[in-house]
Amino acid sequence: MAKYDPSVVEAKWRDRWERDGTDRTDLRGAKRPFYNLMMFPYPSAEGLHVGNLFAFVGSDIQGRFHRLQGYDVFEPMGFDAFGMHSENFALKTGRHPAEMVPRNIERFRETQLKKVGLMVDWSHQVDTTSPEYYRWTQWIFVTLYKNGLAYRKKASVNWCPGCKTVLAAEQVIDGQCERCQSEVTKKEMAQWFLRTTAFARELLEELDRMDWSERTKVAQRNWIGRSQGAEVTFRLEGGPEFSIFTTRPDTLFGATYMVFSPEHPLVGEMTADGRREAVEAYRQGVLGLSEVERQAEGREKTGVFTGAHAINPVNGERIPVWVADYVLMGYGTGAIMAVPAHDVRDHEFAVKFGLPIREVVRGAGGDADVQREAFVGDGRLVNSGEFDGLEAKTEGIYSITKMLEMRSLAKFTTNYRLRDWCLSRQRYWGPPIPIVYCDKCGQVPVPEKDLPVLLPRLDDYRPDGSGLSPLARDEGFHKTSCSQCGGPALRETDVSDNFLCSAWYFYRYPSTDFDDRPFDPELTRKWLPVDLYVGGNEHAVLHLLYSRWLCRALQKCGHLDFAEPYEKFVAHGMIVYNGAKMSKSRGNIINPDEYIREFGADSFRMYLMFMGAYLEGGDFRDGGVKAMKAFLDRLCAAALPGEGEELDGGPPADAETLFWLNSTIKAVGADLARFSYNTAIARLMELVNHMTRNKVRNREVSGALARLLAPLAPHLAEEIWEALGHGESVFRSSWPEFDEAACHRPEVEYVIQVNGKVRGKILLAAGLPQEEIEPLVLANEAVAKWLSGKTVVKKIYVPDKLVNLVVR
RNA sequence: GCCCGGGUGGUGGAAUUGGUAGACACGACGGACUUAAAAUCCGUUGACUUACAAGUCAUGGGGGUUCAAGUCCCCCCCCGGGCACCA
């Protein structure tokens with residue numbers, strides 16, 4: 001190779017790979033399948049940014065590395081093209097999403113993705129907006145509906161006034177819409193839900209066994225949020241029974257009042273006549289508050305007395321019932337017993353409204369003043385009748401609940417924070433929910449043979465904020481007939497949250513050849529669950545949780561025979577630019593295309609991976625790509641024969657080169673396996689530095705270097721491999737092997753410490769026993785001067801590493 | 001408030017089980033080549049005292065354990081992330 005010109009080399013190998021089908025996978029014939037999945041992008045008009053490429057390249061390295069290790073790797077790619085991102089952009093630019101999306105996909109694939117050198121099998125591409133795909137998204141919805149996992153109900157849901165649609169709880173961040181940051185309000189609407197809570201326990205417990213990034217597991221655990229406690233039945237004085245949830249049944253004797261959520265259905269009935277006006281005014285006031293206002297940090301407690309009283313089942317005590325918005329309808333039973341002595345929120349409320357505070361748990365010190373501050377620590381029960389003296393949080397919880405359980409007034413329960421997934425969106429750009437409403441037959445799912453319910457082309461698809469989707473304005477779509485009775489019927493006009501589209505795309509990849517089924521059973525059995533999934537942690541409670549849930553749901557419906565979709569999930573880090581977060585508003589978004597054009601995809605890939613730890617993220621600095629190109633230039637010069645030159649055959653002659661060769665193979669393999677790409681590249685630099693300085697001209701070393709480089713810089717690795725005389729792609733070769741014995745130098749440098757401080761270093765043959773080293777150490781000049789006049793009281797000896805002499 | 005990560009030279013970042021802190025780079029400085037520049041190559045580069053000898057101090061701060069601590073323990077500060085009036 002005359003001079004390394006990436007544009008020539010990369011174009012050559014792109015064509016060669018395409019011509020030879022190098023990146024294609026024989027899905028049925030594969031012997032060692034490895035499904036290497038990366039989170040698919042939404043094809044935005046802005047194009048791929050460095051963050052996308054950082055994610056993809058890190059994943060591609062695993063795919064290529066596994067392939068060199070003999071796996072049949074399947075590395076597909078697709079486009080998540082439904083949803084508000086595409087729709088909002090279309091609205092802004094005035095171009096219809098149906099036209100914009102295919103163009104963006106084309107540009108993503110042809111001018112960006114293919115140029116980065118991803119080992120993608122493009123014969124299995126997926127586009128969530130194509131009818132062949134969303135037909136099966138709708139089929140999944142119908143399947144869930146038929147199995148009781150999808151239902152419609154009127155509920156107080158999260159409404160985004162900016163996007164003019166409802167949102168799932170997962171899409172509300174700190175009370176704001178995750179997309180447009182508008183303050184989310186509550187709205188009473190009939191919506192479709194998926195029963196995510198049905199598998200809350202499994203989704204939580206399975207996490208412990210999963211090979212996933214810990215921070216992703218933690219995020220899911222927090223989101224699912226389990227708390228164990230008891231449901232206790234109270235009775236309203238002269239009224240019905242009701243139950244409350246508590247994690248502290250041991251404090252039942254300390255309950256001095258009850259609180260109902262303003263939305264609780266019993267409130268109207270229980271309110272005393274004299275209190276009706278006040279209670280009603282309070283409830284109306286709360287309903288007018290946004291989520292942010294209601295949950296604002298440090299907000300003072302509010303509430304109102306209903307005039308009603310409840311009877312405490314443990315002691316028959318009559319305690320007042322209040323309504324306050326610090327009790328949420330959506331969690332537990334929407335009513336609580338308040339124990340101000342041992343709960344900080346109840347304490348605050350009791351102080352404000354002058355309610356009694358009764359201590360029932362006393363800590364070991366016994367000096368906590370519950371009138372001043374709630375005591376939430378461990379302690380023993382007091383003022384609790386026969387239960388006095390019990391260890392509160394263990395024996396107390398058990399004994400008191402057990403006692404009530406015998407009287408059928410309590411049961412042990414577990415509550416989850418997770419809510420059902422609100423699926424309806426009052427927007428245009430999504431898969432229509434395949435349901436028809438008939439006066440006679442009620443809710444009727446669209447029969448499988450009539451799927452897909454095509455999304456009609458609407459020229460005016462703006463959301464109008466009426467609470468109805470723009471599709472409701474299209475009579476031809478809205479009015480239809482019932483598949484059961486043939487009578488007139490109305491279609492559901494809401495579309496589905498596009499997270500449903502992305503919850504199953506990876507089942508579709510292997511099966512894109514089939515239009516009569518969502519996924520082929522044989523291919524699914526062979527390729528799934530996904531072996532490795534790489535993506536961003538921002539989807540921990542969105543995509544990753546939804547797709548875990550759907551997998552379990554499809555298993556329960558009999559369509560899959562496994563419960564978890566991803567064997568291993570790795571969350572990559574985030575990229576910043578010169579230490580600052582990249583964002584459109586800052587105007588510091590890096591366009592990868594220019595770097596690739598100037599320095600080549602290989603240099604760009606290498607720099608992305610070198611600038612920081614893949615799992616932690618990195619700081620993109622100008623000049624980095626250029627420096628990496630310089631390294632690849634040096635690598636070419638070191639690895640390739642010059643004009644008219646022949647490289648030495650056979651293993652290298654000198655021990656030092658053998659050491660570098662073997663230890664680099666070992667280290668790079670270990671580093672790639674643990675996603676430590678930056679250190680793998682550093683190892684390659686060290687090997688190249690050794691080759692350059694010592695003028696190593698050896699075919700075996702160059703061949704190993706090409707294969708070590710191949711996952712990181714695939715085009716250049718191919719070029720070098722070919723120049724070394726190989727007729728086939730380097731990806732049809734194998735990962736180089738190393739000799740463990742050669743990974744260690746025959747001589748090692750011992751560090752000699754005196755009292756823990758380094759005082760000298762000596763070169764010794766490896767593996768010497770302590771007795772032979774000692775005299776050599778004591779004879780060392782630099783060390784001797786620290787020993788004169790002192791007594792050696794202790795000698796620490798770490799084989800092949802160091803000797804520490806403790807002197808006095 | 002609770003739960004996870006983090007804090008290392010001028011900069012990005014290394015450092016399997018406690019065992020030479022700063023690998024590998026970037027930048028800077030000096031030199032070679034050149035009419036000159038770019039590119040390339042060679043050298044120096046944590047701070048301080050200083051003679052390139054030698055030493056002292058250094059991994060957010062303060063204690064501790066240990067022959068030995070970036071790494072383990074306790075307290076505190078700062079940054080990033082998750083949850084949060086969830087009973």
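Source: prediction; values computed, not measured.
- Looking at heavy-atom distances under 4.0 Å, Lys785(A) makes contact with sugar-phosphate atoms alone, never a base.
- Within 4.0 Å (heavy atoms only), Arg634(A) reaches sugar-phosphate atoms of the nucleic acid but no base atom.
- For Trp212(A), no side-chain nitrogen or oxygen approaches OP1 or OP2 of rC4(B) to under 4.0 Å.
- At a threshold of 4.0 angstrom between heavy atoms, the contacts of Asn678(A) are confined to the sugar-phosphate backbone, with no base atom among them.
- Within the nucleic acid shown, Lys626(A) comes within 4.0 Å of sugar-phosphate atoms alone, with no base atom in reach, counting heavy atoms only.
- Comparing rC85(B), rU56(B), rC83(B) by their nearest atom to the side chain of Trp223(A) picks out rC83(B).
- Taking atom P in both rA21(B) and rA58(B), the straight-line distance is 13 Å, to the nearest Å.
- Arg226(A) comes within 4.0 angstrom of no nucleic acid atom, judged by non-hydrogen atoms across all strands.
- Asn689(A) comes within 4.0 angstrom of sugar-phosphate atoms only, judged by non-hydrogen atoms across all strands, and of no base.
- For rC67(B), one of the phosphate oxygens OP1 or OP2 lies less than 4.0 angstrom from a side-chain nitrogen or oxygen of Lys794(A).
- Base orientation of rG9(B): syn, the glycosidic angle falling within 90° of 0.
- Heavy atoms of Arg621(A) sit under 4.0 angstrom from primed sugar atoms or phosphate atoms, though from no base atom.
- In this structure, Glu205(A) pairs ionically with Arg226(A), as a charged nitrogen and a carboxylate oxygen lie closer than 4.0 Å.
- Here, rC67(B) and rG18(B) have their C1' atoms 12 Å apart, quoted to the whole Å.
- Summary of the strand contacts: Met611(A) and Gly624(A) both lie near RNA chain B, and taking for each the nucleotide with the nearest heavy atom, the more 5' one is attributed to Met611(A).
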Got a list of side-chain donor-acceptor pairs under 3.5 Å for residues 611-623 of chain A, not counting sequence neighbours?
| from | atom 1 | to | atom 2 | distance (Å) |
| --- | --- | --- | --- | --- |
| Tyr614(A) | OH | Ala55(A) | O | 2.7 |
| Asp619(A) | OD1 | Asn578(A) | N | 2.8 |
| Asp619(A) | OD1 | Gly579(A) | N | 2.9 |
| Asp619(A) | OD2 | Gly579(A) | N | 3.1 |
| Asp619(A) | OD2 | Arg621(A) | NE | 3.1 |
| Asp619(A) | OD2 | Arg621(A) | NH2 | 2.4 |
| Asp622(A) | OD1 | Tyr577(A) | OH | 3.1 |
| Asp622(A) | OD1 | Tyr595(A) | OH | 3.0 |
| Asp622(A) | OD2 | Tyr577(A) | OH | 2.8 |

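- With hydrogens and angles left out, the side-chain atoms of Glu170(A) and Trp223(A) include a donor and acceptor closer than 3.5 Å.
- Defined by atom type and a distance below 3.5 Å, a donor-acceptor pair is missing between the side-chain atoms of Lys795(A) and Asn804(A).
- Counting non-hydrogen atoms under 4.0 angstrom, Val806(A) reaches the backbone sugars and phosphates but no base.
- No engagement by Gln220(A) is indicated, since no non-hydrogen atom pair under 4.0 Å with the nucleic acid exists.
- Using modelled atom types, one finds a donor on one side chain and an acceptor on the other under 3.5 Å when comparing Tyr326(A) with Asp346(A).
- Looking at Glu206(A) and Lys217(A), no side-chain N of the basic residue comes within less than 4.0 Å of a carboxylate O on the acidic one, giving no salt bridge.
- A distance of about 25 Å separates the P atoms of rG13(B) and rG62(B), rounded to the whole Å.
- Distances shown here put every side-chain N or O of Asn222(A) at or beyond 4.0 Å from the OP1 or OP2 atom of rA84(B).
- Residue-level contact check: Glu214(A) touches neither bases nor backbone, having no heavy atom under 4.0 Å from any strand.
- Of the candidates rG19(B), rC24(B), rA15(B), rC24(B) carries the atom nearest the Phe610(A) side chain, counting heavy atoms from C-beta on.
- Comparing atom distances between the Asp619(A) side chain and each of rA15(B), rU20(B), rG12(B) picks out rG12(B) as nearest.
- Within 4.0 Å of Lys761(A), counting heavy atoms only, lies at least one base atom of the nucleic acid.
- Of the candidate nucleotides rA68(B), rA87(B), rU20(B), rA87(B) has the atom nearest to the side chain of Val327(A).
- Within 4.0 Å (heavy atoms only), Arg693(A) reaches no atom of the nucleic acid at all.
- Nucleic acid contact class of Ala670(A) (heavy atoms, under 4.0 Å, all strands): none.
- There is no side-chain donor-acceptor pair under 3.5 Å between Ser227(A) and Asn415(A).
- At a threshold of 4.0 angstrom between heavy atoms, the contacts of Ala630(A) are confined to the sugar-phosphate backbone, with no base atom among them.
- Using modelled atom types and a 3.5 Å distance limit, the side chains of Tyr797(A) and Glu774(A) yield no donor-acceptor pair.
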For RNA chain B, what string of dots and brackets results from 5' to 3' when Watson-Crick and G-U pairs need both distances under 3.5 Å, crossing pairs get [ ], and pairs with another strand get |?
(((((((..(((......[....)))((((((.......))))))((((....))))..(((((..]....))))))))))))....
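- Relative to the side chain of Val751(A), the nucleotides rA87(B), rU20(B), rA84(B) differ in distance, and rU20(B) lies closest.
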